[in-house]
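Keep in mind that this is a model prediction, so the values were computed, not measured.
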Amino acid sequence: MSLTIATWNVNSIKARLPNVLDWLGEAKPDIACLQEIKCVDEAFPREEIEALGYNVETVGQKTYNGVALLSRFPIEEVAQRALPGDESDDQARYIEAVISAPAGPVRVASIYLPNGNPAPGPKHDYKLAWMERLRVHAAGLLAFEEPLVLAGDYNIIPRDVDVHDPAAWEGDALIRPDSRDAFFALLWLGYTEAFQHCDGRADQYTFWDYQAGAWPKNHGIRIDHLLCSPQAADRLKSVEIHKGVRGKEKASDHVPVVGTFTF
(Lines give C-alpha, C1' and ligand atoms only; values in the text may rest on other atoms or scores of the structure.)
Protein backbone atom coordinates (compact mmCIF):
# COMPACT_ATOMS: atom_id res chain seq x y z
CA MET A 1 0.00 0.00 0.00
CA SER A 2 1.05 3.61 -0.45
CA LEU A 3 1.11 6.44 2.06
CA THR A 4 1.22 10.10 1.04
CA ILE A 5 2.74 12.76 3.29
CA ALA A 6 2.47 16.43 2.31
CA THR A 7 3.89 19.70 3.54
CA TRP A 8 2.35 23.09 2.81
CA ASN A 9 2.91 26.57 4.21
CA VAL A 10 -0.62 27.92 3.84
CA ASN A 11 0.23 31.51 4.91
CA SER A 12 -2.92 31.94 7.06
CA ILE A 13 -5.45 29.15 7.28
CA LYS A 14 -8.26 31.73 7.56
CA ALA A 15 -7.28 33.49 4.34
CA ARG A 16 -6.65 30.25 2.41
CA LEU A 17 -9.38 27.99 3.79
CA PRO A 18 -11.32 27.52 0.50
CA ASN A 19 -8.06 26.63 -1.29
CA VAL A 20 -6.98 24.31 1.52
CA LEU A 21 -10.31 22.49 1.56
CA ASP A 22 -10.30 22.19 -2.24
CA TRP A 23 -6.79 20.81 -2.28
CA LEU A 24 -7.40 18.34 0.55
CA GLY A 25 -10.53 17.15 -1.22
CA GLU A 26 -8.73 16.70 -4.55
CA ALA A 27 -5.26 15.50 -3.52
CA LYS A 28 -6.44 13.52 -0.47
CA PRO A 29 -3.04 13.24 1.22
CA ASP A 30 -2.99 10.69 4.02
CA ILE A 31 -1.01 13.09 6.22
CA ALA A 32 -0.69 16.85 5.70
CA CYS A 33 1.72 19.07 7.60
CA LEU A 34 0.70 22.73 7.51
CA GLN A 35 2.74 25.77 8.50
CA GLU A 36 1.99 29.44 9.14
CA ILE A 37 -1.59 28.77 10.12
CA LYS A 38 -1.49 32.20 11.88
CA CYS A 39 -4.21 31.52 14.42
CA VAL A 40 -4.66 30.24 17.95
CA ASP A 41 -5.73 26.62 18.38
CA GLU A 42 -9.34 27.57 19.14
CA ALA A 43 -9.65 29.51 15.87
CA PHE A 44 -8.41 26.70 13.62
CA PRO A 45 -11.18 25.48 11.27
CA ARG A 46 -11.18 22.04 12.81
CA GLU A 47 -14.76 21.09 11.93
CA GLU A 48 -14.39 21.86 8.23
CA ILE A 49 -11.22 19.78 7.97
CA GLU A 50 -12.51 16.95 10.14
CA ALA A 51 -15.50 16.76 7.80
CA LEU A 52 -13.06 15.69 5.06
CA GLY A 53 -11.96 12.74 7.18
CA TYR A 54 -8.92 14.15 8.99
CA ASN A 55 -7.81 14.03 12.58
CA VAL A 56 -6.32 17.39 13.55
CA GLU A 57 -3.63 18.56 15.96
CA THR A 58 -2.35 22.14 16.08
CA VAL A 59 0.13 24.38 17.83
CA GLY A 60 -1.24 27.82 17.14
CA GLN A 61 -0.19 31.40 17.76
CA LYS A 62 -2.12 34.60 17.19
CA THR A 63 -1.23 36.39 13.94
CA TYR A 64 2.13 34.64 13.44
CA ASN A 65 3.64 31.19 12.91
CA GLY A 66 1.61 28.13 13.90
CA VAL A 67 1.79 24.52 12.67
CA ALA A 68 -0.71 21.71 12.21
CA LEU A 69 -0.85 17.99 11.55
CA LEU A 70 -3.76 16.47 9.64
CA SER A 71 -4.09 12.69 9.37
CA ARG A 72 -6.59 10.28 7.87
CA PHE A 73 -5.35 7.76 10.42
CA PRO A 74 -5.45 7.95 14.23
CA ILE A 75 -2.90 10.27 15.81
CA GLU A 76 -1.58 7.89 18.43
CA GLU A 77 0.58 10.31 20.38
CA VAL A 78 1.58 13.96 20.10
CA ALA A 79 5.21 13.59 21.10
CA GLN A 80 6.21 17.28 20.96
CA ARG A 81 4.34 20.57 20.77
CA ALA A 82 7.55 22.59 20.69
CA LEU A 83 11.09 21.97 19.59
CA PRO A 84 13.10 20.88 22.65
CA GLY A 85 16.18 22.76 23.79
CA ASP A 86 14.96 26.23 24.78
CA GLU A 87 12.08 26.59 27.22
CA SER A 88 12.06 30.37 26.69
CA ASP A 89 11.18 30.01 23.00
CA ASP A 90 7.46 30.73 22.70
CA GLN A 91 7.19 30.72 18.89
CA ALA A 92 4.80 28.07 17.53
CA ARG A 93 7.03 26.34 15.00
CA TYR A 94 7.05 22.59 15.71
CA ILE A 95 4.67 19.71 16.29
CA GLU A 96 5.58 16.01 16.17
CA ALA A 97 3.30 13.00 16.41
CA VAL A 98 3.18 9.24 15.98
CA ILE A 99 0.46 8.23 13.54
CA SER A 100 -1.10 4.77 13.37
CA ALA A 101 -0.90 4.10 9.65
CA PRO A 102 -2.28 0.76 8.42
CA ALA A 103 1.18 -0.70 7.76
CA GLY A 104 2.55 0.44 11.12
CA PRO A 105 3.37 3.58 13.08
CA VAL A 106 4.90 6.57 11.31
CA ARG A 107 6.42 9.56 13.11
CA VAL A 108 5.85 12.92 11.41
CA ALA A 109 6.76 16.49 12.34
CA SER A 110 5.46 19.74 10.89
CA ILE A 111 8.21 22.37 10.96
CA TYR A 112 8.20 26.10 10.33
CA LEU A 113 11.83 27.07 10.48
CA PRO A 114 12.68 30.73 11.15
CA ASN A 115 13.32 32.97 8.15
CA GLY A 116 16.38 34.63 9.68
CA ASN A 117 16.36 37.96 7.85
CA PRO A 118 17.89 40.45 8.11
CA ALA A 119 21.22 38.63 8.23
CA PRO A 120 23.48 39.00 10.01
CA GLY A 121 21.56 39.99 13.11
CA PRO A 122 19.50 38.63 16.01
CA LYS A 123 16.90 36.99 13.75
CA HIS A 124 19.59 35.07 11.90
CA ASP A 125 21.21 34.08 15.18
CA TYR A 126 17.83 32.72 16.29
CA LYS A 127 17.51 30.78 13.03
CA LEU A 128 20.91 29.12 13.43
CA ALA A 129 20.28 28.34 17.11
CA TRP A 130 16.88 26.85 16.20
CA MET A 131 18.51 24.70 13.51
CA GLU A 132 21.09 23.43 15.97
CA ARG A 133 18.28 22.48 18.37
CA LEU A 134 16.58 20.70 15.47
CA ARG A 135 19.80 18.86 14.61
CA VAL A 136 20.19 17.62 18.19
CA HIS A 137 16.57 16.50 18.38
CA ALA A 138 16.65 14.91 14.93
CA ALA A 139 19.76 12.96 15.87
CA GLY A 140 17.97 11.57 18.90
CA LEU A 141 14.92 10.57 16.85
CA LEU A 142 17.03 8.34 14.62
CA ALA A 143 17.56 6.04 17.60
CA PHE A 144 13.93 4.90 17.28
CA GLU A 145 14.81 3.30 13.92
CA GLU A 146 11.32 3.98 12.56
CA PRO A 147 9.81 5.65 9.50
CA LEU A 148 10.09 9.36 10.25
CA VAL A 149 9.45 12.42 8.08
CA LEU A 150 10.45 15.93 9.17
CA ALA A 151 8.24 17.97 6.86
CA GLY A 152 7.98 21.69 6.53
CA ASP A 153 8.99 25.12 5.40
CA TYR A 154 12.70 25.09 6.16
CA ASN A 155 13.37 28.56 4.77
CA ILE A 156 16.53 27.10 3.22
CA ILE A 157 17.44 27.08 -0.47
CA PRO A 158 19.72 24.01 -0.55
CA ARG A 159 21.38 24.51 -3.95
CA ASP A 160 21.89 27.32 -6.43
CA VAL A 161 19.70 25.44 -8.92
CA ASP A 162 16.82 25.73 -6.41
CA VAL A 163 16.53 29.50 -6.98
CA HIS A 164 15.74 31.42 -10.17
CA ASP A 165 18.67 33.84 -9.68
CA PRO A 166 21.25 32.96 -7.00
CA ALA A 167 23.03 36.31 -7.37
CA ALA A 168 19.82 38.19 -6.55
CA TRP A 169 19.55 36.27 -3.28
CA GLU A 170 23.19 36.58 -2.23
CA GLY A 171 23.45 37.43 1.47
CA ASP A 172 19.86 36.43 2.20
CA ALA A 173 19.41 34.20 5.26
CA LEU A 174 17.78 31.52 3.07
CA ILE A 175 20.93 31.00 1.01
CA ARG A 176 23.83 32.08 3.23
CA PRO A 177 26.59 29.47 3.60
CA ASP A 178 26.02 29.19 7.37
CA SER A 179 22.31 28.52 6.80
CA ARG A 180 23.05 25.88 4.20
CA ASP A 181 25.70 24.30 6.42
CA ALA A 182 23.11 23.95 9.19
CA PHE A 183 20.72 22.27 6.76
CA PHE A 184 23.39 19.91 5.46
CA ALA A 185 24.25 19.01 9.06
CA LEU A 186 20.76 17.51 9.29
CA LEU A 187 21.33 15.45 6.17
CA TRP A 188 24.71 14.27 7.40
CA LEU A 189 22.98 12.68 10.38
CA GLY A 190 21.49 10.20 7.91
CA TYR A 191 18.37 11.98 6.63
CA THR A 192 17.40 12.05 2.96
CA GLU A 193 15.94 15.15 1.30
CA ALA A 194 13.07 13.61 -0.61
CA PHE A 195 12.87 15.82 -3.70
CA GLN A 196 16.58 15.74 -4.39
CA HIS A 197 16.60 11.96 -3.95
CA CYS A 198 13.63 11.27 -6.24
CA ASP A 199 13.91 14.07 -8.77
CA GLY A 200 16.61 16.67 -8.27
CA ARG A 201 15.86 18.74 -11.37
CA ALA A 202 16.82 22.39 -11.44
CA ASP A 203 14.27 25.21 -11.32
CA GLN A 204 11.57 23.28 -9.46
CA TYR A 205 10.16 25.75 -6.98
CA THR A 206 7.80 25.68 -4.00
CA PHE A 207 7.55 29.43 -3.28
CA TRP A 208 6.90 32.50 -5.43
CA ASP A 209 6.77 35.91 -3.77
CA TYR A 210 3.73 38.14 -4.16
CA GLN A 211 5.98 40.99 -5.29
CA ALA A 212 7.52 41.90 -8.67
CA GLY A 213 5.50 39.42 -10.70
CA ALA A 214 7.40 36.46 -9.31
CA TRP A 215 4.67 33.91 -10.08
CA PRO A 216 3.99 34.77 -13.75
CA LYS A 217 7.74 35.13 -14.35
CA ASN A 218 8.44 31.82 -12.55
CA HIS A 219 10.92 33.59 -10.27
CA GLY A 220 10.72 31.02 -7.50
CA ILE A 221 12.72 29.24 -4.85
CA ARG A 222 12.56 25.73 -3.35
CA ILE A 223 12.39 25.95 0.45
CA ASP A 224 9.75 23.37 1.45
CA HIS A 225 11.25 19.97 2.15
CA LEU A 226 10.57 16.43 3.35
CA LEU A 227 13.51 15.01 5.31
CA CYS A 228 13.28 11.25 5.70
CA SER A 229 14.87 8.85 8.14
CA PRO A 230 16.57 5.81 6.54
CA GLN A 231 13.48 3.72 7.25
CA ALA A 232 11.27 6.27 5.48
CA ALA A 233 13.74 6.87 2.65
CA ASP A 234 13.75 3.14 1.88
CA ARG A 235 10.01 3.38 1.26
CA LEU A 236 10.05 6.66 -0.66
CA LYS A 237 8.81 6.24 -4.22
CA SER A 238 8.12 9.73 -5.57
CA VAL A 239 7.82 13.41 -4.76
CA GLU A 240 5.47 15.84 -6.49
CA ILE A 241 5.32 19.63 -6.24
CA HIS A 242 1.71 20.76 -6.71
CA LYS A 243 2.67 23.90 -8.58
CA GLY A 244 -0.79 24.62 -9.95
CA VAL A 245 -2.09 25.54 -6.49
CA ARG A 246 -0.11 28.79 -6.72
CA GLY A 247 -2.30 29.95 -9.61
CA LYS A 248 -5.52 29.84 -7.58
CA GLU A 249 -7.31 33.00 -6.46
CA LYS A 250 -6.02 34.20 -3.08
CA ALA A 251 -3.29 31.55 -3.18
CA SER A 252 -0.59 31.05 -0.60
CA ASP A 253 2.87 32.02 -1.80
CA HIS A 254 3.92 28.39 -1.16
CA VAL A 255 2.59 25.20 -2.77
CA PRO A 256 2.23 21.68 -1.38
CA VAL A 257 5.01 19.12 -1.70
CA VAL A 258 3.80 15.50 -1.55
CA GLY A 259 5.90 12.42 -0.94
CA THR A 260 4.56 8.93 -1.74
CA PHE A 261 5.83 6.02 0.32
CA THR A 262 5.19 2.32 -0.22
CA PHE A 263 4.74 0.01 2.76
Side-chain angles (χ1 to χ4, degrees), residues 1-61 65-79 81 92-112 147 149-153 194 206-207 224-226 232 235-263:
M1 65 166 294
S2 63
L3 178 76
T4 51
I5 300 177
T7 184
W8 187 13
N9 180 322
V10 295
N11 190 9
S12 174
I13 189 68
K14 181 179 179 180
R16 317 299 167 201
L17 185 58
N19 284 347
V20 171
L21 295 176
D22 285 349
W23 179 77
L24 289 172
E26 293 170 3
K28 295 180 171 60
D30 294 312
I31 300 168
C33 303
L34 307 183
Q35 301 88 39
E36 264 200 293
I37 61 174
K38 294 184 177 180
C39 68
V40 296
D41 294 334
E42 295 78 13
F44 190 84
R46 183 177 300 268
E47 291 184 6
E48 293 93 323
I49 290 174
E50 287 177 342
L52 294 176
Y54 287 96
N55 299 292
V56 178
E57 292 287 347
T58 63
V59 176
Q61 186 172 353
N65 306 323
V67 287
L69 279 172
L70 319 179
S71 173
R72 291 186 174 277
F73 309 119
I75 298 176
E76 184 177 308
E77 172 197 3
V78 179
R81 292 187 180 274
R93 294 183 175 275
Y94 188 90
I95 184 171
E96 172 194 322
V98 177
I99 293 170
S100 296
V106 178
R107 188 179 296 263
V108 180
S110 182
I111 295 170
Y112 178 42
V149 178
L150 303 176
D153 174 4
T206 65
F207 171 94
D224 302 272
H225 309 301
L226 303 170
R235 295 165 169 83
L236 178 63
K237 297 304 176 186
S238 64
V239 174
E240 183 178 359
I241 297 172
H242 287 203
K243 182 178 178 179
V245 175
R246 183 62 176 82
K248 301 281 188 178
E249 185 178 356
K250 295 184 179 179
S252 170
D253 40 10
H254 296 251
V255 298
V257 180
V258 183
T260 299
F261 302 79
T262 301
F263 287 81

Pair R81 + E57: basic N to acidic O under 4.0 Å: yes
Qualifying residues under side chain to side chain contact (heavy atoms under 4.5 Å, CB included), relative to Q61, sequence neighbours excluded: N65, Q91, A92
Side chains of M1 and P102 in contact at under 4.5 Å (non-hydrogen atoms): yes
Steps toward side-chain contact (heavy atoms from CB on, under 4.5 Å) verdict (T7, L226): CA-CA 7 Å; T7 184; L226 303 170; 3.9 Å; yes
Gap between atom CG of L70 and atom SG of C33 - 0.5 Å precision: 8.0 Å
Test item: S71 side-chain N/O and P74 main-chain N/O as donor-acceptor pair under 3.5 Å: no
Any side-chain heavy-atom pair of V67 and L34 under 4.5 Å: no
Partner residues of R235 under the salt bridge (Lys or Arg N to Asp or Glu O under 4.0 Å) criterion, sequence neighbours left out: none
Residue list, side chain to side chain donor-acceptor pair (under 3.5 Å) with S238, at least two apart or on another chain: none
Side chain to side chain donor-acceptor pair (under 3.5 Å) partners of R246, counting only residues at least two apart: none
Residue list, side chain to side chain contact (heavy atoms under 4.5 Å, CB included) with T262, at least two apart or on another chain: K237
Contact summary for V10 and I13, nearest pair of heavy atoms: CG2-N, 4.0 Å
Less than 3.5 Å apart, which donor and acceptor atoms pair up between the side chains of residues 39-49 and the rest of the protein, not counting sequence neighbours?
residue: D41; atom: OD1; partner: T58; partner atom: OG1; Å: 2.8
residue: D41; atom: OD1; partner: G60; partner atom: N; Å: 2.6
residue: R46; atom: NH1; partner: V56; partner atom: O; Å: 2.9

side-chain contact (heavy atoms from CB on, under 4.5 Å) assessment of S12 paired with E36: CA-CA 6 Å; S12 174; E36 264 200 293; over 6 Å; no
Partner set under ring-ring contact (aromatic ring centres under 6.0 Å, His included) for Y94, not counting sequence neighbours: H137
S2 and F263, any side-chain heavy atoms less than 4.5 Å apart: no
4.5 Å side-chain heavy-atom contact, D153 and I111: no
Heavy-atom side-chain proximity of V149 to F261 below 4.5 angstrom: yes
Value rounded to 0.5 Å, distance of CG in L52 from CG in L21: 5.5 Å
Run the side-chain donor-acceptor check on residues 251-258: report pairs under 3.5 Å with partners two or more places apart or on a different chain.
residue: S252; atom: OG; partner: N9; partner atom: O; Å: 2.7
residue: S252; atom: OG; partner: H254; partner atom: N; Å: 3.1
residue: D253; atom: OD1; partner: N11; partner atom: ND2; Å: 3.4
residue: H254; atom: ND1; partner: D224; partner atom: OD1; Å: 3.1
residue: H254; atom: ND1; partner: D224; partner atom: OD2; Å: 3.0
residue: H254; atom: NE2; partner: N9; partner atom: ND2; Å: 3.4

Identify each donor-acceptor pair in which a side-chain atom of residues 24-31 lies under 3.5 Å from a protein atom, sequence neighbours left out, and give them as a table.
residue: K28; atom: NZ; partner: G25; partner atom: O; Å: 2.4
residue: D30; atom: OD2; partner: T4; partner atom: N; Å: 2.9
residue: D30; atom: OD2; partner: T4; partner atom: OG1; Å: 3.3

Qualifying side-chain hydrogen bond (donor to acceptor under 3.5 Å, both in side chains) pairs, either residue in residues 13-23, two or more places apart: R16-Y210, W23-H242
Any side-chain heavy-atom pair of T260 and L3 under 4.5 Å: no
Pairing residues for E240 by the side chain to side chain donor-acceptor pair (under 3.5 Å) criterion, not counting sequence neighbours: none
Closest non-hydrogen atom pair between G152 and Q35, with its separation: CA-NE2, 3.5 Å
Distance (rounded to the nearest 0.5 Å) between R93 CZ and S110 OG: 12.0 Å
